[in-house]
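Have a look at the structure below, then the notes.
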Amino acid sequence: MTETWMFIAGIALILVLLPAALMGARENRRQARQSRLDQAYSRAQRVRYAGTGEQGRPYSVYTDRVNQL
């Protein structure tokens, strides 16, 4: 009888922990993606403000710089 209850408790524990682990993994992937998007947005803002590319070269010789301060 005890073995049956232990088996049922084990199955119940798996049924609780497995979705929690899957949700945690999904949240980690979402956070990683958001971090990459934040970095790209910051890079785009720096480029827009400076009017040059990441390597210091202008993207276009036909446009004015954005920051005319």
Side-chain angles (χ1 to χ4, degrees):
M1 187 70 161
T2 303
E3 292 175 7
T4 304
W5 285 109
M6 294 284 284
F7 180 74
I8 292 171
I11 295 295
L13 186 63
I14 289 172
L15 290 176
V16 169
L17 293 180
L18 185 62
L22 292 175
M23 287 172 38
R26 182 182 302 157
E27 181 65 19
N28 287 341
R29 284 191 304 271
R30 191 187 71 76
Q31 288 292 338
R33 181 175 186 272
Q34 186 61 45
S35 176
R36 288 190 305 270
L37 289 172
D38 289 342
Q39 289 173 355
Y41 182 75
S42 296
R43 184 171 51 248
Q45 279 189 322
R46 281 193 316 270
V47 166
R48 182 177 185 272
Y49 181 73
T52 62
E54 282 291 299
Q55 301 299 320
R57 296 185 181 96
Y59 277 120
S60 173
V61 295
Y62 302 107
T63 59
D64 294 332
R65 289 177 58 118
V66 174
N67 57 345
Q68 297 293 324
L69 301 177

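Numbers here are sequence positions counted from 1. Values in this document were obtained by computation on a predicted structure and should not be read as measured data.
Remark: Ile8 CD1 to Leu13 CG distance equals 13.5 Å, nearest 0.5 Å. Ile11 contributes atom CD1, which lies 12.5 Å from atom CE of Met6 (distance to the nearest 0.5 angstrom).
Formation of a donor-acceptor pair under 3.5 Å by the Ser42 side chain with backbone atoms of Asp38 is found in this model.
Here Arg33 pairs with Arg36, Leu37 under the side chain to side chain contact (heavy atoms under 4.5 Å, CB included) rule; sequence neighbours left out. Qualifying side chain to side chain contact (heavy atoms under 4.5 Å, CB included) partners for Ile14, counting only residues two or more places apart in sequence or in other chains: none. Every residue two or more places apart in sequence or in another chain that forms a salt bridge (charged side-chain N to carboxylate O under 4.0 Å, His left out) with Glu27 is listed here: Arg30.
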